[in-house]
Every structure is written in structure tokens, then in C-alpha cells.
Amino acid sequence: MEIFGIIIAILFLVIVAATVAALLRDGRGHTPPVHSDQAWSALDLPSSSYTMRIF
């Protein structure tokens, strides 16, 4: 019975270690840089809020 508990504990520690390792290296070096080619604009949005325009 003790051997079964030890096997479960070791399996749990291996799973936790693999999860932490996967989370730490996830996405490193794979995120492309963001380039802003165009100036920001609000297109056809109004310059005043809707609540101010109804009065």
C-alpha cells in the first residue's frame, strides 16, 4: 500500500513539474513584433459622446 502512495506522489510531482516547465517556456521567441504602419484614426466615429448629442 505504501508503494502505491509513493508511485502516486512521484507521478503527481512529475506532472506538476512538466506543467510548470511548459508554462515557463510557452510563447518565448514566437511573438511577432507589432509594427504601426498607419496613423491611428477613429474613422467615422463622432467626436462627442452620444449622451451629449441627444440634448
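These numbers come from a predicted model, not from an experiment. The analysis underlying the following values was restricted to heavy atoms, covering all of them including side chains, and did not include hydrogens, waters or symmetry mates.
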Members besides Ile6 in its Ile/Leu/Val/Met/Phe/Trp/Tyr cluster (side-chain heavy atoms under 4.5 Å): Ile10, Val14

Side-chain cluster (under 4.5 Å, hydrophobic types only) that Leu13 belongs to, other residues: none

Atom CG of residue position Leu23 - does it have more than 12 heavy atoms of other residues, nucleotides or ligands inside 6.0 Å? yes

